[in-house]
Amino acid sequence: MSQEQWNAVDRYFTEQLAPADEALSAALAASDAAGLPAIAVAPNQGKLLQLLARIQGARTVLEIGTLGGYSTIWLARALPEDGKVISLEYDPRHAEVARANLAHAGLDKIAEVRTGPALETLPVLAAEGAGPFDLVFIDADKGNNPHYVEWALKLTRPGSVIIVDNVVRNGAVADPDSTDASVQGTRRAIELMAEHPRLSATAVQTVGSKGYDGFALAHVLA
């Protein structure tokens, strides 16, 4: 199959199952206008995040990597009115766009964007006693994926779900000799999930409008 066919299938699924609305379309348009990279999750992937949060019965969500807040909107919409999403974004400009997008979507009371390197903001969350989070979505710099998984374990509870995006790296994840920091970081995260006694995990390859990729899904055990 070609990328054109993958795109056509994604368009069909999106039109049928995850149609755009004004707030979602506006978030993508504002992100594009601000010059943010076009790397937000696809609409059907955003809907998957929302469904996983709803199936989980999540009230609290931690997102590592906000970009323009598109995935944050999907996650926040899965929560009850007194729920909370805390999203961590390295780039202040991205965070500013995300906050505006969340406010436009009417979700700024539920979703909070914190700015700074996640490996600095995560210890602050822990010191504040944040969590435990019911769901953690990791979609940031891939070289630090194992550190983010370790922090996710510290900030979750038995029964929580951890999702790591972009784990296939266009197939390079299977190459142990790759010198790409994103590949090596992803491999270490997968190995950590495989070995950790408190995690039961799997990973799934995907194709679609985002190309050849995939995600890892882990359940936190007692």
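Expressed to the nearest 0.5 Å, how far OG1 of T206 lies from CG of D213 amounts to 5.5 Å. With rounding to the nearest 0.5 angstrom, the CG atom of D139 is 7.0 Å from the CD1 atom of I39. From L135, atom CG reaches atom CG of L62 across 9.0 Å, with rounding to the nearest 0.5 Å. The CZ atom of R188 sits 12.5 Å away from the CD atom of E195 when rounded to the nearest 0.5 Å. Of the inter-residue distances, the one linking F215 atom CZ with L49 atom CG reads 8.5 Å to the nearest 0.5 angstrom. In this structure, CZ in R169 is found 9.5 Å from OG in S178, a value given to the nearest 0.5 Å.
Within the 4.5 Å cutoff, the side chain of F13 has no heavy atoms near those of the P43 side chain. By the 4.5 Å heavy-atom criterion applied to side chains, W6 and S209 are not counted as neighbours. Side-chain atoms of P37 and L67, non-hydrogen and from C-beta on, do get closer than 4.5 Å to each other. The shortest distance between side-chain heavy atoms of L153 and H196 falls below 4.5 Å. N144 has its side chain within reach of H147: a pair of non-hydrogen atoms, C-beta onward, lies under 4.5 Å apart.
Minimum heavy-atom separation, E81 to I110: O-CG1, 4.0 Å. Of all non-hydrogen atoms in L36 and R93, the two that sit nearest each other are CD1-NH1, 3.8 Å. Shortest non-hydrogen contact noted between A23 and R77 is CB-NH2, 3.5 Å. Smallest separation of non-hydrogen atoms from Y212 and G171: CE2-N, 3.5 Å. Residues A26 and N101 approach most closely at O-OD1, 4.1 Å, considering heavy atoms. Summarising the geometry of M193 relative to A216, their closest heavy-atom pair is SD-CB, 3.9 Å, with the distance given to 0.1 Å.
Under the 3.5 Å distance criterion, the side-chain polar atoms of Q5 are matched with a main-chain donor or acceptor of S2. D21 places a side-chain N or O within donor-acceptor distance of the main-chain N or O of L24, the cut-off being under 3.5 Å. Remark: side-chain polar atoms of K109 are not paired, donor with acceptor, to backbone N or O of A103 under 3.5 angstrom. For S87 (side chain) and T72 (main-chain N/O), no donor-acceptor pair under 3.5 Å exists by modelled atom type. Here the side chain of S160 pairs a donor or acceptor atom with the backbone of R157 at under 3.5 angstrom. Listed for the K142 side chain is no donor-acceptor partner under 3.5 Å among the backbone atoms of N166. Distance alone, capped at 3.5 Å, places no donor-acceptor pair between the Q50 side chain and the A76 backbone. When atom types are taken as modelled, the side chain of D134 and the backbone of T60 share a donor-acceptor pair closer than 3.5 angstrom. In this structure, the side chain of E128 does not engage the main chain of L125 through any donor-acceptor pair within 3.5 Å. Side-chain atoms of T66 do not come within 3.5 Å of backbone N or O of G69 as any donor-acceptor pair.
Within 6.0 Å of CD in E150 there are more than 12 heavy atoms belonging to other residues, nucleotides or ligands.
Of the N and O atoms on the side chains of D10 and N7, not one donor lies less than 3.5 Å from an acceptor on the other residue.
L79 is connected to L52 through a chain of hydrophobic side-chain contacts under 4.5 Å among Ile, Leu, Val, Met, Phe, Trp and Tyr, so both are in one cluster. Transitive grouping of hydrophobic side chains (ILVMFWY, heavy atoms separated by less than 4.5 Å) brings L192 and L122 into a common cluster. A continuous path of Ile, Leu, Val, Met, Phe, Trp and Tyr side chains, each step under 4.5 Å between heavy atoms, connects F133 with V164, placing both in one hydrophobic cluster. V41 and I163 fall within the same hydrophobic cluster, where Ile, Leu, Val, Met, Phe, Trp and Tyr residues are linked whenever their side-chain heavy atoms come under 4.5 Å apart, directly or through other members. Linking Ile, Leu, Val, Met, Phe, Trp and Tyr whenever their side-chain heavy atoms come within less than 4.5 Å puts L107 and Y70 in one cluster.
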- Item | side chain to side chain contact (heavy atoms under 4.5 Å, CB included) assessment of E63 paired with I86 | CA-CA 6 Å; E63 180 180 50; I86 296 179; over 6 Å; no
- Report the C-alpha separation of Y90 and T115 in whole Å, then their side-chain angles, then the decisive distance to 0.1 Å, and conclude whether the side chain to side chain contact (heavy atoms under 4.5 Å, CB included) test is met. CA-CA 6 Å; Y90 174 81; T115 307; over 6 Å; no
- Message: Using the rule given for side chain to side chain contact (heavy atoms under 4.5 Å, CB included), can you reason through V220 versus I162, listing the C-alpha separation, both sets of side-chain angles and the distance that settles it, and then say yes or no?
- Response: CA-CA 8 Å; V220 180; I162 301 170; 3.9 Å; yes
- Step by step, work out the side chain to side chain contact (heavy atoms under 4.5 Å, CB included) result for V136 and V61. CA-CA 6 Å; V136 178; V61 170; over 6 Å; no
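Not counting sequence neighbours, E4 has no partner by the side-chain hydrogen bond (donor to acceptor under 3.5 Å, both in side chains) test.
Between D180 and R187, no side-chain nitrogen of the basic residue sits less than 4.0 Å from a carboxylate oxygen of the acidic one, so the salt-bridge criterion is not met. Salt bridge annotation for K84-E112: present, with a cationic side-chain nitrogen under 4.0 angstrom from a carboxylate oxygen.
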